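Step one of this worksheet: look at the structure below.
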There are 2 protein chains.
Amino acid sequence: MGTNQLYKGSLATIVLKLLEEKGRMYGYQITQEVKAISDGELVITEGALYPMLHKLEAQGLLTVETEMAGNRMRKYYSITHDGQKEVVYRMAELEAFIRQMQSLLNPRIELA
Amino acid sequence: MGTNQLYKGSLATIVLKLLEEKGRMYGYQITQEVKAISDGELVITEGALYPMLHKLEAQGLLTVETEMAGNRMRKYYSITHDGQKEVVYRMAELEAFIRQMQSLLNPRIELA
DNA sequence: ATGTTTGCATAAAATACTTAGGTATATGGG
DNA sequence: CCCATATACCTAAGTATTTTATGCAAACAT
């Protein structure tokens, strides 16, 4: 994901939220969509993505449907009910993270 | 650092920026300061902090001065010139990260 | 005296990701 | 026809970062 260390830990959040919005996506599509939205800045490698999809499925946050597009396999992932609850939690975490980083790094108040 | 995955990758940024602001701090002081600023939400473990301080020093971003407080050792870290350049870079990265996450996760525009 | 806080440190394990492969189909250019 | 590129899945070894679990020692409060 580029050279920016900060993206570490954000992959599951990105995948879950994207699937919540788009309803249904397959792995390769996720990599392309993220690249497009970020103007090529955020590149999700397949070596990170596929294991993450399998993990989220194992955790019951995603479900899979395998379909054939012509002669090629596609595995469409959808978010489950548990996954939707997880999205709410993850988004709250993201907001908390951003707030904490801002208060840490743009300190307005001097402490005693 | 709590249960929030998103803090992964942010430790160096936090340490560098804090030292840029405060001028001079020792390790234990950094852990307490961060805990205080974040109302106990962000706890930096010593097992993560000390290796990171050593690494940043080895990279020439920090310098150390060992002093005795009574009979106890304290190792005060300060930011170097290279460290200050790194802070500028890291803060730009943080802003880029936040912007990307917002455009990814609060999408206003539908893509083709 | 004993437990907690201060203050340093390292080492093993877990976690997350990168890098580097592997397989196979589809497609466009030369 | 051939070959590079794109599509589409996958795993395994290596690297980086952090957690967890220790260890040592001085200071301080009960």
Side-chain angles (χ1 to χ4, degrees), chain A residues 1-16 24-36 40-59 61-62 64-77 90 93-94 97 100, chain B residues 1-16 24-36 40-59 61-62 64-77 90 93-94 97 100:
Chain A
M1 296 165 82
T3 55
N4 192 331
Q5 303 265 39
L6 294 170
Y7 286 101
K8 276 178 195 285
S10 66
L11 180 57
T13 301
I14 291 169
V15 168
L16 288 167
R24 210 172 91 109
M25 297 180 86
Y26 55 96
Y28 187 75
Q29 187 184 5
I30 294 175
T31 66
Q32 300 307 302
E33 186 85 0
V34 168
K35 201 196 288 183
E41 246 192 84
L42 213 181
V43 175
I44 294 180
T45 61
E46 299 185 337
L49 179 63
Y50 289 113
M52 178 59 75
L53 288 172
H54 302 160
K55 184 185 168 191
L56 295 174
E57 191 204 344
Q59 290 175 343
L61 306 178
L62 301 181
V64 198
E65 292 165 303
T66 300
E67 291 183 17
M68 298 310 278
N71 219 328
R72 258 201 318 241
M73 180 179 53
R74 278 184 188 165
K75 295 178 76 174
Y76 281 94
Y77 288 87
R90 293 276 186 164
E93 275 193 336
L94 178 63
F97 171 75
Q100 286 296 354
Chain B
M1 296 164 82
T3 55
N4 193 332
Q5 305 264 43
L6 294 170
Y7 286 103
K8 280 180 193 280
S10 65
L11 180 56
T13 301
I14 291 169
V15 167
L16 287 168
R24 209 171 91 111
M25 296 179 86
Y26 54 96
Y28 186 76
Q29 187 185 5
I30 293 174
T31 66
Q32 300 307 301
E33 186 86 357
V34 168
K35 200 195 291 185
E41 245 191 84
L42 214 181
V43 174
I44 294 179
T45 62
E46 299 184 334
L49 180 63
Y50 288 114
M52 179 58 75
L53 288 171
H54 302 159
K55 184 187 169 191
L56 294 173
E57 191 204 345
Q59 290 176 341
L61 307 178
L62 301 181
V64 197
E65 293 165 303
T66 300
E67 291 183 16
M68 299 309 279
N71 219 328
R72 255 199 324 236
M73 181 179 53
R74 279 187 189 163
K75 294 178 75 173
Y76 281 93
Y77 289 86
R90 293 276 187 162
E93 274 193 338
L94 178 63
F97 171 74
Q100 285 295 355

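Residue numbers begin at 1 in each chain, while the letters A, B, ... track the order of the sequences. Below, all heavy atoms of this structure are taken into account, side chains as well, without hydrogens, waters or symmetry copies. None of these values were measured; they are calculated from a predicted model.
Straight-line distance from the CG atom of L49(A) to the P atom of dA16(C): 15 Å, rounded to whole Å. Here dT4(C) presents its P atom at 16 Å from CD of Q32(B), a figure rounded to the nearest Å. The interatomic distance linking N4(A) (CG) with dC17(C) (P) rounds to 13 Å, in whole Å. Rounding to whole angstrom units, CD1 of residue I14(A) and P of dA16(C) are separated by 14 Å. Separating the CG atom of L42(B) from the C1' atom of dT18(D) is a distance of 13 Å, rounded to the nearest angstrom. Atom CD of E46(B) is separated from atom C1' of dG23(D) by 12 Å (rounded to the nearest Å). Between L6(B) atom CG and dT18(D) atom P the separation is 13 Å, expressed in whole Å. Taking atom CD1 of residue I44(B) and atom C1' of nucleotide dG7(C), one finds them 16 Å apart after rounding to whole Å.
Among residues two or more places apart in sequence or in another chain, the side-chain hydrogen bond (donor to acceptor under 3.5 Å, both in side chains) test is passed with Q5(A) by none. For E93(A), the side-chain hydrogen bond (donor to acceptor under 3.5 Å, both in side chains) partners are Y89(A), not counting sequence neighbours. Scored by the side-chain hydrogen bond (donor to acceptor under 3.5 Å, both in side chains) test, R72(A) finds no partners at all (sequence neighbours excluded).
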Step-by-step salt bridge (charged side-chain N to carboxylate O under 4.0 Å, His left out) determination, E67(B) to R24(B):
CA-CA 12 Å; E67(B) 291 183 16; R24(B) 209 171 91 111; 3.0 Å; yes
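Here H54(B) does not reach the OP1 or OP2 of dC8(C): none of its side-chain N or O atoms lies under 4.0 Å away. Y50(B) has a side-chain polar atom (N or O) that falls below the 4.0 Å cut-off from OP1 or OP2 of dC8(C). Using a 4.0 Å cut-off, some side-chain N or O of Y26(B) falls inside it from OP1 or OP2 of dG7(C). Phosphate proximity of dT19(D) to T45(B): present, with a side-chain N or O under 4.0 Å from OP1 or OP2.
When side chains are defined from C-beta on, V34(B) does not count as touching V15(B), because their heavy atoms never get closer than 4.5 Å.
Summary of the strand contacts: Y28(A) and Y7(B) both lie near DNA chain D, and taking for each the nucleotide with the nearest heavy atom, the more 5' one is attributed to Y28(A).
Across all non-hydrogen atoms, the minimal contact from T31(B) to I44(B) is CG2-O, 3.6 Å. Between L42(A) and Y7(A), the shortest heavy-atom contact is CD1-CE2, 3.5 Å. Of all heavy-atom pairs spanning L56(B) and A12(B), the tightest one is CD2-CB, 4.4 Å.
Contacts between residues 69-77 of chain A and DNA chain C, defined by a heavy-atom separation under 4.0 Å, are made by N71(A), R72(A).
Pairs engaging residues 45-56 of chain A under the side chain to side chain donor-acceptor pair (under 3.5 Å) rule: none recorded [sequence neighbours left out].
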Polar atom pairs (N or O), protein with nucleotides 14-17 of chain D, under 3.5 Å:
{"unit_1": "dT17(D)", "atom_1": "OP1", "unit_2": "Q5(A)", "atom_2": "NE2", "d": "2.3"}
{"unit_1": "dT17(D)", "atom_1": "OP2", "unit_2": "K55(B)", "atom_2": "NZ", "d": "2.6"}

